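What you see is a predicted model; the values in this text were computed from it and never measured.
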Amino acid sequence: MSWNWWLITGVGYLATLFLIRWVLLTPRRQPTSSVAWILAILTLPIVGGLMFLVFGINRVDRRVDRKRAASRAILRLLPPQTRHVAEIDPDLEPLQHRLMKLANRVCHHRPLQGNRIEVMDDTNRTFGAITEAIREAQETIHLEYYIWQPDKSGTQLRDLLIKKAEEGVKIRFLYDAVGSMWLRRRFLRAMSAAGIHVAAFMQGKTIRERWSINLRNHRKIVVVDGRVGFTGGMNIGDEYLGRDKQLGYWRDTHLCVHGPCVAQLQSIFAEDWYYATGEELVQPALFPVHDEGGQVLAQVIDGEPRGVPETFLALFFAAITEATREIVLTTSYFVPPESLLVALEDAALAGVRVRVLVPSRAAHQWTVWAARSYYQSLLDAGVEIYEYQRGQLHSKTLAVDGRWAFIGTPNFDFRSLSLNFEVGVVCYDRRVSDQLADQFERDLEFSQRITAEGWRARPNRTRLLQNFCRLFSPVL
């Protein structure tokens, strides 16, 4: 063997040892994440190391601390209606009471009565409602998106924003630097030229920071004139309207909010905007007092990396363990931490009807394979699992006992619960919970139920693929 071979082998071993040492020195709340990265580095030479450098280095301390400092600075200046007040309505049912008490401890915002909330399960209708609200804007439009594609849909909405800016409406657009990486300067330059304020979230000031794919802003928020807000699972792009022939029909869930909770969505946008630009959005005109005549008691929940406790993990765990009758979960990525997996199994074993709807295919198919590795223990515990067949399932909803409902941006996976900035709305309301249950029943018409007997009979090569993908579930 030549000295070149020995040199390359030696360098490879040294690089592997160096990367493993780096993994072990990086603090992680979930030790399984460290194990997954070590396995990736050992079993996927070069590729595993590159994956760790890109996905595994969170740089949480410095960047999240800066974000938290920005949030605290803005929260102190915001109007009273956006601030947290831990008040509990004595007329609530016990489950609602306990989950509200937890939510008040782990997030900034208090539950507010008087909201009018519309649950939308058709993406074309959602896009139309957002477009109409923007078209009717008089003063301000604030938009925050993880993905905004520069395709027909994205260009159409951009051009409408340009038109509104030319009419004198103040517009601010915040996009995630990685999720919307295809937005080119030419696309954005037309917005800036019209007077639209454009900013990227966590773009990274150095090459080293730009390597970090973690700590992404996965939120989707639109607030128009401080009076109507939108949030949920849908991004902006042709595929989300079912126009991508390869991806096919797109099933998503979004909310249109009128009432006091709009101010909470506005405050989250203000925090993120201040972090990205340094501009303070605390003018009272941005937070008008609402009297929409709604009847929904709701609360906007914001989650961020390195939360203690992790907001959505704590909320989902409590909601599942508090259930006594029924749990209805829909998610586009099902790669749950062990605590949530056990919570679902225990609920089913205790007699709660637990139903989970997940996609049968996805843009990143390895996430589906990883999800399927969790099926057997859930099925053995009595959990009902359905795979959506009609097209792409992208909804993120959870309903418990017909009294508590959640709709938002976080998936049921490690990345959403631990590494992303996310947002959602909790509704302590029977009608909203029933709407989610009705949507679930309609979705089952296009779904296939997975049975314990049939799943146990799957070929060994399928098990091997699924279990291999599961090894990397903490980093997917």
Side-chain angles (χ1 to χ4, degrees), residues 63 66-67 70 123 126-128 130-135 137 139-225 229-241 243-244 254 265-266 268-281 286 363 409 420-421 423:
R63 303 178 80 186
R66 289 203 306 264
K67 174 62 173 63
T123 55
T126 300
F127 187 78
I130 293 172
T131 300
E132 184 62 25
I134 291 173
R135 188 175 290 114
E139 298 174 0
T140 59
I141 301 171
H142 292 159
L143 308 99
E144 178 174 348
Y145 276 96
Y146 176 62
I147 294 176
W148 187 298
Q149 299 286 18
D151 52 21
K152 182 179 179 180
S153 303
T155 302
Q156 174 186 337
L157 198 54
R158 180 205 64 172
D159 291 347
L160 176 59
L161 292 171
I162 290 174
K163 179 181 178 183
K164 296 302 295 185
E166 291 172 345
E167 293 175 2
V169 177
K170 190 77 170 181
I171 302 175
R172 296 175 178 90
F173 171 46
L174 180 63
Y175 66 93
D176 185 82
V178 172
S180 298
M181 66 176 65
W182 302 115
L183 291 183
R184 302 304 183 191
R185 292 182 181 178
R186 182 178 179 182
F187 184 92
L188 298 172
R189 192 181 299 121
M191 302 177 77
S192 299
I196 298 174
H197 296 261
V198 179
F201 187 89
M202 284 200 180
Q203 189 168 13
K205 297 181 179 180
T206 66
I207 294 177
R208 184 180 177 217
E209 283 188 334
R210 289 174 185 172
W211 276 22
S212 179
I213 306 299
N214 295 331
L215 308 183
R216 302 324 316 169
N217 189 331
H218 196 239
R219 294 167 178 161
K220 298 94 178 170
I221 296 174
V222 177
V223 179
V224 178
D225 289 339
F230 297 88
T231 193
M234 194 184 84
N235 291 291
I236 299 298
D238 287 346
E239 65 261 42
Y240 304 101
L241 302 179
R243 297 175 180 173
D244 187 305
H254 223 72
L265 290 173
Q266 184 85 293
I268 293 173
F269 178 88
E271 294 172 38
D272 293 345
W273 185 260
Y274 178 74
Y275 173 80
T277 69
E279 181 186 6
E280 296 180 355
L281 303 179
L286 296 175
T409 67
N420 287 342
F421 294 88
V423 67

A side-chain contact here means heavy atoms from C-beta on lying under 4.5 Å apart; do H142 and L286 qualify?
yes
Looking only at non-hydrogen atoms, find the nearest pair between A276 and A199 and report the distance.
CB-CB, 4.3 Å
Do NZ/NE/NH1/NH2 and the carboxylate oxygens of E166 and K163 come within less than 4.0 Å?
no
Set of ring pair (Phe, Tyr, Trp, His ring centres under 6.0 Å) partners for Y145, sequence neighbours left out
W148
K152 side chain reached by T155 side chain, heavy atoms, under 4.5 Å
no
Just so I know, are the side chains of K220 and M234 near enough to count as touching, which here means a heavy-atom distance under 4.5 Å?
no
Worked check of side chain to side chain contact (heavy atoms under 4.5 Å, CB included) between F230 and I221
CA-CA 6 Å; F230 297 88; I221 296 174; over 6 Å; no
So, does S180 use its side chain to make a donor-acceptor pair with the main chain of Y175 at under 3.5 Å?
no
Measuring from atom CG of L183 to atom CZ of R158, what distance do you get when rounded to the nearest 0.5 angstrom?
10.0 Å
Partner of R172 by side-chain hydrogen bond (donor to acceptor under 3.5 Å, both in side chains), out of H197, E144, E279:
E279
Checking H218 now: which residues fulfil ring pair (Phe, Tyr, Trp, His ring centres under 6.0 Å) with it, not counting sequence neighbours?
Y146
Parallel, tilted or perpendicular: which fits the ring planes of F201 and F421, with parallel below 30° and perpendicular above 60°?
perpendicular
Heavy atoms only: give me the nearest A177-A200 pair and the separation to one decimal.
CB-CB, 4.2 Å
Can you measure from CD1 (I141) to CG (D225) and round to the nearest 0.5 angstrom?
7.5 Å
Considering all heavy atoms of both residues, which atom of H254 and which atom of G233 are nearest to each other, and what is their separation?
ND1-N, 3.4 Å
Residue pair I147, W182: steps toward the side chain to side chain contact (heavy atoms under 4.5 Å, CB included) verdict:
CA-CA 9 Å; I147 294 176; W182 302 115; over 6 Å; no
Correct closest heavy-atom pair for L241 and S153 would be CD1-OG, 3.3 Å
Rounded to the nearest 0.5 angstrom, the CG-CD1 distance for L160 and I130 is 11.5 Å
Nearest atoms (heavy-atom pairs only) where M191 meets V198:
CB-CG2, 4.0 Å
Contact check, side chains of F269 and L143, non-hydrogen atoms, under 4.5 Å
no
Within the side chain of N420, is there an N or O that forms a donor-acceptor pair under 3.5 Å with the backbone of N217?
no
If you take all heavy atoms of I196 and A165, which pair is closest and at what distance?
CG1-CB, 3.7 Å
Main-chain N/O of A137 paired to K164 side chain as donor or acceptor, under 3.5 Å
yes
Just checking, is any N or O donor in the side chain of T231 or R219 under 3.5 Å from an acceptor N or O on the other one?
no
Would you say the side-chain atoms of R216 pair up with the backbone N or O of D176, donor to acceptor, closer than 3.5 Å?
no
What's the separation between atom CG in N235 and atom OG1 in T123, rounded to the nearest 0.5 Å?
11.5 Å
Going by distance alone, is a donor N or O of one side chain under 3.5 Å from an acceptor N or O of the other, for Q149 and D238?
no
A side-chain contact here means heavy atoms from C-beta on lying under 4.5 Å apart; do L157 and I134 qualify?
yes
